[in-house]
Amino acid sequence: MVLAAGLLSSVYTLATLAIQYENGSLRGDDIVYFSEARRTHFLSFIGEPIDVHAVPLHRATTYLVTLFGRPDYDALLLAMTVVHVAGVVLLYRALERFAPNPGNAVATFWYATFVYLGTIFGWWTSAAHRLPYLAFFASALYAYARFRQEHRATWAACAVLSMVSAVGFFEKGALFPLILGAVEASLWFETDARDRKTNFALVAGLGALTLVYFVAWRWAVGESWSALSATPRHAVTYAVASYRMLLSASVGRVADWYLPALLLWAFLVVVTIRRAPRTALIWGGAIVVTTVSLLTTGISVARSQVWGEMLPYYSHRYYPDVMFVLMVFVALVWQRAYPSGAQALRGRRSRWLSAASALMAMTALTLVSTKSALDLQHGFYAPTREGKIYEDNVVAGMEQLKAEHRPLNFVDGTVPRHLNPMGGDGARVAILLHALGYHAHFYDLRTAKRGRGVYRITDTGELALVSSK
């Protein structure tokens with residue numbers, strides 16, 4: 001089962017990466033932040049929030065990239081792939097530390113083939129938030145699982161450092177103590193009384209660190225345009241819509257497979273509770289943590305005002321980290337419902353049938369998720385082929401001008417929508433060239449027509465001399 005899960009996860013990952021490799025490029029936010037990193041002092045840069053995100057490690061990573069010359073999307077994609085694989089492996093190792101079980105491989109596979117992962121890979125700024133956060137989250141979970149077994153201070157320190165690192169990339173790392181609290185509560189009856197106190201002492205310590213972080217976060221963010229200062233008026237409507245997206249995506253589709261997904265999850269809940277009634281506590285913890293995690297993406301005043309009730313449907317990048325956490329609880333449930341895996345089934349024939357059915361289901365999910373990832377290529381947050389062509393042409397043209405020692409004089413203006421899907425003046429030609437490490441002089445179109453040797457960048461990224469006519 002472990003081999004099959006690893007193989008199918010690799011197939012899906014390679015397929016989604018191939019899509020991004022062929023079509024991906026830097027986007028509007030990426031361009032802006034790389035440009036800011038080049039013109040801002042390191043400490044000032046990492047101390048400046050990204051909108052509502054006070055994430056110094058994310059900012060430090062962006063700054064570090066600019067020190068190696070021109071940010072190359074393909075190299076960034078490779079780096080994020082390594083981080084993603086590390087997170088998946090650590091998730092599996094953490095689940096195995098709680099209790100060895102074939103279901104751990106299936107739960108890890110279920111996350112690793114989640115359809116919305118591709119939309120994260122296609123956007124550097126989003127990927128640099130979520131993928132390192134998930135890797136450090138898995139690391140913290142592994143350290144905590146080891147701490148539950150051995151109660152050594154070393155593992156407690158590793159859990160603390162991993163959680164702090166997770167928060168440094170993405171605020172949802174602050175949910176880690178809540179997740180651990182739910183895990184401990186769900187495992188209450190099978191944990192020794194002395195161990196309970198020790199475990200909850202660490203959870204309480206992590207919770208105290210979270211409170212310190214929130215105070216610092218609020219001070220850093222202040223009254224920014226999307227500070228988390230209110231909840232949506234229709235929180236229930238938002239939660240239902242988010243669950244529709246999450247559950248449907250868990251079976252490889254967007255929102256159109258919600259009912260089949262709901263039936264599948266209901267079947268899983270009923271079967272596991274009937275076999276091990278105490279798993280109802282774990283399912284309860286999963287619902288609480290998942291709901292909180294989903295709602296944190298919708299309590300931004302500005303986002304709710306811009307997107308309204310459509311926010312859950314356009315925000316594909318919000319769901320992979322929720323799926324990641326959900327799979328932790330699914331694995332814990334399965335470990336208690338079927339502690340010996342397929343050996344719990346009576347008869348060799350039943351075990352073979354069960355294994356064959358699981359492999360067929362996993363294969364089907366891989367195929368469906370891959371097809372959906374291809375469809376999402378033209379979705380709101382997915383990159384387009386035109387953006388990659390534009391960026392490649394710009395780089396090729398700039399390198400040619402540099403090789404010929406020509407002056408770099410350009411007309412400024414906004415980049416096309418396929419490179420800046422949100423629109424606006426944030427990502428301009430001047431900012432793009434600066435983000436890529438090129439130093440040029442810029443003019444408006446009227447001034448450029450009066451001079452010579454001034455270039456403009458076409459909608460396809462090619463460089464063209466401005467005519468004086």
Side-chain angles (χ1 to χ4, degrees), residues 18-39 62 65-66 68-78 118-119 121-127 374 376-469:
I19 296 170
Q20 300 304 332
Y21 178 77
E22 290 296 323
N23 299 277
S25 63
L26 299 179
R27 305 167 62 86
D29 284 354
D30 307 334
I31 296 166
V32 172
Y33 298 143
F34 281 128
S35 178
E36 287 180 359
R38 291 187 183 280
R39 67 172 184 266
T62 301
V65 169
T66 63
F68 291 92
R70 174 173 59 84
D72 181 74
Y73 176 82
D74 294 341
L76 296 178
L77 180 62
L78 176 61
T119 62
F121 280 111
W123 186 0
W124 156 258
T125 300
S126 180
L374 284 166
L376 281 171
Q377 186 60 51
H378 302 291
F380 187 79
Y381 285 111
T384 61
R385 178 67 177 167
E386 289 82 0
K388 183 176 183 63
I389 293 172
Y390 180 93
E391 190 173 302
D392 289 346
N393 286 341
V394 168
V395 171
M398 294 299 294
E399 291 299 319
Q400 182 176 349
L401 290 184
K402 287 181 63 178
E404 296 173 357
H405 303 289
R406 296 187 185 182
L408 304 181
N409 299 323
F410 286 88
V411 176
D412 197 8
T414 57
V415 298
R417 287 296 295 267
H418 48 250
L419 206 68
N420 185 27
M422 294 297 291
D425 290 340
R428 300 181 64 83
V429 170
I431 296 175
L432 170 63
L433 295 183
H434 188 234
L436 295 175
Y438 298 112
H439 299 282
H441 302 283
F442 295 93
Y443 307 87
D444 59 39
L445 185 58
R446 180 177 300 178
T447 304
K449 287 183 176 180
R450 293 199 299 264
R452 293 183 178 180
V454 180
Y455 293 85
R456 65 180 179 88
I457 300 180
T458 69
D459 286 343
T460 59
E462 294 174 341
L463 308 189
L465 280 169
V466 176
S467 174
S468 60
K469 296 181 180 179

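Below, all heavy atoms of this structure are taken into account, side chains as well, without hydrogens, waters or symmetry copies.
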### Task
Compare every heavy atom of Ala435 with every heavy atom of Ser35, then report the nearest pair and how far apart it is.
N-CB, 3.8 Å

### Task
Kindly indicate whether the side chain of Ile19, heavy atoms from C-beta on, has any atom under 4.5 Å from the side chain of Phe121.
no

### Query
Who are the side-chain contact (heavy atoms from CB on, under 4.5 Å) partners of Ala396, not counting sequence neighbours?
none

### Set of residues satisfying side-chain hydrogen bond (donor to acceptor under 3.5 Å, both in side chains) with respect to Gln400, sequence neighbours excluded
Glu404

### Task
Report the residue from Leu436, Asp72, Thr125, Leu432 that forms a side chain to side chain contact (heavy atoms under 4.5 Å, CB included) with Leu26.
Leu436

### Worked verdict on Tyr438 versus Glu399 for side chain to side chain contact (heavy atoms under 4.5 Å, CB included)
CA-CA 9 Å; Tyr438 298 112; Glu399 291 299 319; 2.6 Å; yes

### Query
Who pairs with Tyr33 by ring-ring contact (aromatic ring centres under 6.0 Å, His included), at least two apart in sequence or on another chain?
none

### Query
Roughly how far, to the nearest 0.5 Å, is CD1 of Ile431 from CZ of Phe34?
14.0 Å

### Task
Looking only at non-hydrogen atoms, find the nearest pair between Gly387 and Ser25 and report the distance.
C-OG, 3.5 Å

### Message
Test of understanding: with side-chain hydrogen bond (donor to acceptor under 3.5 Å, both in side chains), list the residues that count as partners of Glu22, not counting sequence neighbours.
### Response
none

#### Entry: Spatial distance of atom CG (Leu433) from atom CE (Met398) [nearest 0.5 Å]
5.0 Å

### Query
How many angstroms lie between NZ in Lys388 and OH in Tyr21, if you round to the nearest 0.5 Å?
6.5 Å

### Query
What is the ring orientation for Phe410 with Tyr455, classed by angle as parallel under 30°, tilted 30 to 60°, or perpendicular over 60°?
tilted

### Query
Should Val411 and Val454 count as side-chain neighbours, where that means a heavy-atom distance under 4.5 Å?
yes

### With sequence neighbours excluded, residues passing salt bridge (charged side-chain N to carboxylate O under 4.0 Å, His left out) with Asp392
none

### Message
Just verifying a value: how many Å separate Leu463 CG and Arg406 CZ, rounded to the nearest 0.5 Å?
### Response
10.0 Å

### Query
Residues two or more places apart in sequence or in another chain: which of them pass side-chain contact (heavy atoms from CB on, under 4.5 Å) with Ile389?
Arg385, Asn393

### Query
Between atom CH2 of Trp124 and atom CG of Asp30, what is the distance when rounded to the nearest 0.5 Å?
8.5 Å

### Pairing residues for Asp459 by the side-chain contact (heavy atoms from CB on, under 4.5 Å) criterion, not counting sequence neighbours
Pro416

### Partner set under side-chain contact (heavy atoms from CB on, under 4.5 Å) for Arg38, not counting sequence neighbours
Thr66, Pro71, His434

### Message
Measuring from atom CG of Leu408 to atom NE2 of His441, what distance do you get when rounded to the nearest 0.5 angstrom?
### Response
7.5 Å

#### Entry: For Glu36, salt bridge (charged side-chain N to carboxylate O under 4.0 Å, His left out) partners two or more places apart
Arg59

### Task
Check side-chain hydrogen bond (donor to acceptor under 3.5 Å, both in side chains) between Thr62 and all other residues, then give those that pass, not counting sequence neighbours.
none

